[in-house]
Structure formats: C-alpha cells, structure tokens
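Both counts, for ligands and for their atoms, begin at 1 and track the order of listing.
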Amino acid sequence: MSFQSKNSDSNSTRSKRFDLDSHLTGAVRGGLRADPATGALLTPIYQSTTYQQEAVGVHKGHTYSRASNPTVSALEEALGVLEDTPPAVCYATGMAAISGLFLALLKSGDHVVLSDVVYGGTVRLFDQVLGHLGIESSFVDTANPAAVKAAIRRSTRMVFIETPANPTLKLTDVEAIAAITRPAGLLLVVDNTFLTPLLLRPLDLGADISMLSTTKYIEGHNATVGGSVASRDEKILDRLRLIRKTLGSIQSPHEAWLTARGIKTLPLRLQQHSRGAQVVAEWLEQHPDISRVYYPGLASFPQHELAERQHALHGGMLSFELKQGADAGIALMNAVRLCVLAENLGAAETLITHPVSMTHSDVPREMRERIGITEGLVRLSVGLEDPRDIIADLSQALDVARRSERVAVPSPQEV
Ligand SMILES: *Cc1c(COP(=O)(O)O)cnc(C)c1O
C-alpha cells in the first residue's frame with residue numbers, strides 16, 4: 001500500500017510545510033509493499049543484472065538494471081511520497097543527479113542562471129564539463145530576485161538555485177524566483193539537499209524540479225552516496241530516465257535499500273538535527289571568541305524573516321567564523337574530539353568541515369571571497385548527539401584555538 005497524498009490544496013500544502021508530523025506515515029510506509037514472492041515486509045535487495053522474460057516482449061516491468069531495478073524503484077516511490085510527486089529518478093550520486101538533469105534538459109547554446117553560493121561540485125561541472133559543451137552559465141545572487149531577472153537572456157532555459165546555500169546558508173525565496181521563471185517559460189530547479197522535501201517544499205512553491213543528494217539527510221547515516229530528481233511533469237521524468245539509462249548513472253540496489261531504510265526516520269532525525277543546531281548556534285553566538293554565526297533559525301540571521309516564512313524548522317547546518325581569523329578556525333578544527341573533521345553532512349555524527357580546503361577548494365578564490373567563503377569559515381553539520389556534548393567539545397576546541405593563536409602570532413607587546 002502506498003500513502004501518496006491525494007490532497008494538494010493550499011491548506012494541506014501549508015500543513016506539509018509546517019507540520020513535520022504530517023510526513024511521519026509517508027516516511028515509514030511510502031513505497032512499502034510486502035514482497036509478492038515471499039511476504040518479506042521490506043523490498044529485498046534485488047541484486048540482479050537482468051530479468052527473465054516470459055516471451056518476446058513480455059516481462060514484469062524490468063529488463064536490465066541500468067534502466068531500472070525493483071529495489072531502486074521502491075526507493076523512487078518512497079521519495080515520490082515525500083515530494084508529493086510520481087516516483088523520483090534516482091542516481092548513483094548527487095552529482096550524477098545534477099549532471100543527469102542538465103544533460104537531459106539542456107543543449108549546446110543554452111544558458112543557465114545559478115545561485116552564486118552553490119555546491120562546489122556544481123561549479124566544477126560547469127567549469128570542467130558543461131562549459132566545454134557550449135552550455136553557458138551565470139552565477140548570480142539568487143537571494144536578490146532582481147539579479148536573477150537581470151541575468152536572463154534569450155538563450156536562458158533554466159534557473160538552478162540552492163537554498164539554504166552551502167556553506168553560508170544564504171536563502172533564496174523560491175516563490176519570488178518562480179514568479180520570474182513561470183511567466184518566462186524557464187525551468188526552475190531547486191537543490192533541496194539541506195532541508196529535504198520535509199522542511200522545504202520547492203514544488204509547492206512553484207519550482208519544476210526538486211533535486212537531492214540522498215547521501216546527506218535522506219540516507220542520513222554516512223553509509224551511502226546517492227541522488228534523486230523529482231518532478232510533477234511526466235515528460236521531464238521520461239526524459240530523465242532515458243538519459244540516465246544512456247549515461248549509465250542509476251543508483252545501485254544495495255545503496256537504494258539503505259537509503260529507503262534511512263527515510264523511515266527522516267522526520268524524527270530532522271527534528272533533532274534542527275533542535276540541536278538551534279541550541280549550538282545560540283551558544284556559539286554568545287561566545288566571546290566567535291565573530292559570526294550563520295543559522296537561519298537565529299533572530300540575527302539576515303534573512304530570518306524569509307526563513308520563518310519558507311520553513312518551520314531550519315535543519316542541522318550552520319557555519320561560523322572566529323574573531324581571531326583563519327588560523328584560529330583551523331586550530332579549532334584540528335582540536336575537536338567529538339565532532340569529526342570530515343566532508344559530508346546530514347549524518348548522525350556531527351561533522352566539522354573547512355570549506356576553503358575541503359568542499360569548496362575548487363571554487364575560484366575570487367568567487368569564494370565575493371560570496372563570503374572566507375579562509376576562517378567553519379561549517380558544522382550538527383548530528384544527533386546530545387547538543388550539550390557538542391557544545392562541550394566546541395568549547396574545549398575554542399580554548400585550544402585561543403592559546404594556539406597566541407603562540408602562532410605573538411602580539412607586538414609580547415615580542
Ligand atoms: C553533497 C551535495 C551535492 C552532491 O552530492 P553527492 O551525493 O556528494 O554527489 C549536491 N548538492 C549539495 C547541496 C550537496 O550538499
């Protein structure tokens with residue numbers, strides 16, 4: 001039985017956006033169908049390349065696992081329940097999803113407008129691949145709808161936004177951008193990896209496509225890589241599946257099974273990630289060594305009003321800077337014990353990342369500086385540990401950072 005919502009009037013849309021409980025049943029039961037052969041409650045891992053056909057042209061819907069696989073289909077249905085769409089299209093990684101959707105929907109000579117603060121891999125995709133194929137791009141401040149409007153050319157086909165953006169958490173008002181793309185006949189794509197369809201509903205706000213790196217909150221346990229693209233437009237979905245089969249970038253059944261398991265606890269995890277991040281952000285904000293904290297749930301966040309209008313909870317990602325600058329930030333990251341120094345985000349374990357040397361090292365320096373990714377910026381993916389333990393760890397690491405800075409750069413009086 002699947003729990004696809006039939007009701008998409010604005011009241012239910014509103015409740016889906018602001019009532020996490022309304023997703024509990026869909027998360028646990030969406031796409032769940034006892035295995036017809038054995039009664040196994042969970043869709044098994046169908047580890048099979050091919051499928052025996054009953055007669056020429058007669059089969060049960062799957063023919064070759066590069067085109068489709070029953071375990072992957074179960075995950076796609078579960079994601080469709082979360083997104084309120086037909087089954088999503090799942091890919092081997094989030095980057096395979098992003099490159100799959102650009103290659104499916106764009107051609108040489110087309111132009112795309114993208115958020116200037118965007119996942120590093122998306123920037124590299126344009127620099128190293130799509131640019132060479134004649135697909136043009138403009139990276140603009142999508143927090144400013146007028147900048148998006150000004151960047152649109154005759155050849156523009158798509159606007160691609162990331163909100164909250166990685167790693168400064170800058171928000172884009174999805175409805176305001178949809179009000180530009182809809183009348184112009186442009187596709188609006190939202191990379192919704194940070195909030196997931198449980199906290200941000202891009203398709204209800206007027207976007208055409210919702211894209212996820214399932215590697216992050218969706219699977220949530222630091223165990224897989226994967227990506228998903230959802231839409232309510234069947235023509236888009238058909239085209240995505242054709243190009244995925246052509247490029248060979250489908251998700252593997254084992255990863256799909258783990259990801260589907262992660263979805264069952266997604267509402268519960270997002271609640272705790274958001275609660276923990278709020279507590280840690282408020283603590284950091286009052287700490288004397290911290291100069292800035294970026295978290296949409298803070299009253300001091302420049303777009304706090306938009307955050308409250310666009311999502312009820314603000315997820316587990318935050319970033320901050322130390323007053324003593326980059327060296328102190330690096331010393332802090334080297335001194336943590338509970339927080340794990342690693343790339344990735346959205347998992348049970350709290351992860352701490354230095355965007356300049358890790359996730360955003362390929363973003364040109366000039367662009368990094370313009371969008372606020374400073375040398376000293378620290379990104380924190382608040383996990384599911386007791387927030388008091390996360391704070392205690394950051395506190396001891398800040399103490400180390402303060403001392404190490406003094407040793408590294410003696411003040412003039414001490415020399
Ligand atoms: C991680 C991430 C991606 C890429 O996903 P992978 O699964 O690592 O390929 C894309 N967008 C955002 C916002 C991400 O955080």
Of all the non-hydrogen atoms in the protein, which one sits nearest to [atom], and at what distance?
{"atom": "atom 2 (C) of ligand 1", "result": "K216 NZ, 2.4 Å"}
{"atom": "atom 4 (C) of ligand 1", "result": "Y119 CE2, 3.4 Å"}
{"atom": "atom 7 (O) of ligand 1", "result": "T215 OG1, 2.6 Å"}
{"atom": "atom 5 (O) of ligand 1", "result": "S213 OG, 3.0 Å"}

For [X], is at least one N or O under 3.5 Å away from an N or O on ligand 1?
{"X": "M95", "answer": "yes"}
{"X": "E162", "answer": "no"}
{"X": "N166", "answer": "no"}
{"X": "G94", "answer": "yes"}

SB check D238 K235 (cutoff 4.0 Å) | no
Within 4.0 Å of some non-hydrogen atom of T93, the atoms of ligand 1 are 7 (O), 9 (O)
Contact between G226 and ligand 1, counting heavy atoms under 4.0 Å?
-> yes
Compute the minimum heavy-atom distance from D191 to ligand 1 and say whether it is under 4.0 Å.
-> yes
R182 side-chain N/O to G206 backbone N/O, donor-acceptor pair under 3.5 Å | yes
Where the side chain of T350 meets the backbone of V382, is there a donor-acceptor pair that is under 3.5 Å apart?
-> no
Using a heavy-atom cut-off of under 4.0 Å, does the side chain or the backbone of T193 touch ligand 1, or both, or neither?
-> side chain
Name the one of L20, L24, I218 that satisfies side-chain contact (heavy atoms from CB on, under 4.5 Å) with L198?
-> L20
Identified side-chain contact (heavy atoms from CB on, under 4.5 Å) counterpart of T224 within the set Q251, E219, H254 = E219
Anything under 30° is parallel, anything over 60° is perpendicular, the rest tilted; go ahead and classify H273 against Y217.
-> perpendicular
Measure up the F139 and F126 rings against each other and bin them: parallel (under 30°), tilted (30 to 60°), perpendicular (over 60°).
-> perpendicular
More than 12 foreign heavy atoms under 6.0 Å from CD of Q52: is that the case here?
-> no
